[in-house]
Amino acid sequence: MRIPLIAGNWKMFKTKAEAVAFAEEFKSLYGGTDVQAAICAPYTNLEALVEIFRGTGIGVGAQNVHFEDEGAFTGEISVKMLEEIGVDFCIVGHSERRQYFAETDETVNLKIRKLLTGPIRPIMCVGESLEQRDSGVLFDFVKSQLEGGLSGIAPEDMKKIVVAYEPIWAIGTGRNASPEQAEEMCAFIRQTLIDMYDEETADEVIIQYGGSVKPANATEIMNQDEIDGALVGGASLKAPDFMQIIDF
Ligand code: 13P
């Protein structure tokens with residue numbers, strides 16, 4: 001039984017004061033729900049969010065991490081540092097990090113492996129560009145991202161990993177993938193996991209869709225069989241909008 005995970009990805013938005021204001025408002029709106037909700041925030045907000053959401057069931061995530069334990073890596077944050085704060089999730093391999101910060105399948109794999117040494121669950125992002133979709137290589141491309149990013153990861157660990165399908169052309173564009181397009185790729189991702197692992201393992205993996213998810217389209221996206229959640233950018237910045245998405 002997969003419990004849906006709807007996570008906000010704030011990207012580089014919200015100062016600590018703004019994050020605290022959001023968290024207080026969101027906590028007051030948040031009632032009982034069948035889905036797991038989480039906010040993936042800038043590092044500077046994580047400690048405050050963990051504190052405010054303590055005991056509510058609302059999760060907190062980081063948006064990136066380094067794969068080394070420690071060392072001379074100016075500007076980087078380690079898994080141990082995140083564990084100490086008590087975050088639940090960490091996004092790995094978002095397309096913006098692949099595009100602007102030279103993230104590769106290899107570094108995605110190293111980061112996931114390091115996260116899996118502790119309790120933080122990786123949210124691994126995959127997804128094709130518009131050019132790749134139009135030229136028909138979308139499935140091959142996503143398969144190669146899965147095989148590269150998940151290389152050497154054992155079935156028991158795979159169950160802890162969340163896969164987020166985020167077609168690059170749907171991110172921040174207002175142009176979401178149709179529910180059918182999203183379902184088709186999420187079903188392909190599950191089939192690929194069956195091929196790489198086995199049916200029982202693949203069955204337990206949470207597969208999210210991300211890309212222009214908003215209150216108006218959350219229901220039809222979440223109602224797809226193979227879509228177990230959403231990774232929400234812009235619409236997670238306002239507490240009432242994000243609450244509406246969770247209540248889809
Ligand atoms: P938008 O919801 O703003 O399109 O962003 C999606 C995203 O990149 C989430 O990680």
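First listed ligand is number 1; within each ligand, the first listed atom is number 1.
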Sub-4.0 Å atoms of ligand 1 with respect to non-hydrogen atoms of [X]:
X: G211; result: 4 (O), 6 (C)
X: G234; result: 1 (P), 2 (O), 3 (O)
X: E166; result: 6 (C), 7 (C), 8 (O), 9 (C), 10 (O)
X: L231; result: 9 (C), 10 (O)
X: G233; result: 1 (P), 2 (O), 3 (O), 5 (O), 6 (C), 9 (C)

What do you reckon, does [X] put a non-hydrogen atom under 4.0 Å from ligand 1?
X: A170; answer: yes
X: K11; answer: yes
X: S212; answer: yes

Looking only at distances, can you tell me whether any N or O atom of [X], backbone or side chain, sits closer than 3.5 Å to an N or O atom of ligand 1?
X: G210; result: no
X: N9; result: yes
X: G172; result: yes
X: H94; result: yes

Within the supplied structure, the quantity of interest is the number of heavy atoms (other residues, nucleotides, ligands) at a distance under 6.0 Å from [X] [atom1]; does it exceed 12?
X: Q181; atom1: CD; result: yes
X: E131; atom1: CD; result: no
X: F13; atom1: CZ; result: no
X: K160; atom1: NZ; result: yes

Does this structure show an ion pair linking [X] with [Y], if we count only N-O contacts that are shorter than 4.0 Å?
X: R190; Y: E183; result: no
X: E83; Y: K80; result: no
X: R113; Y: D157; result: no

When rounded to the nearest 0.5 angstrom, what is the spacing between NZ in K111 and CD in E106?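 The NZ atom of K111 sits 12.0 Å away from the CD atom of E106.
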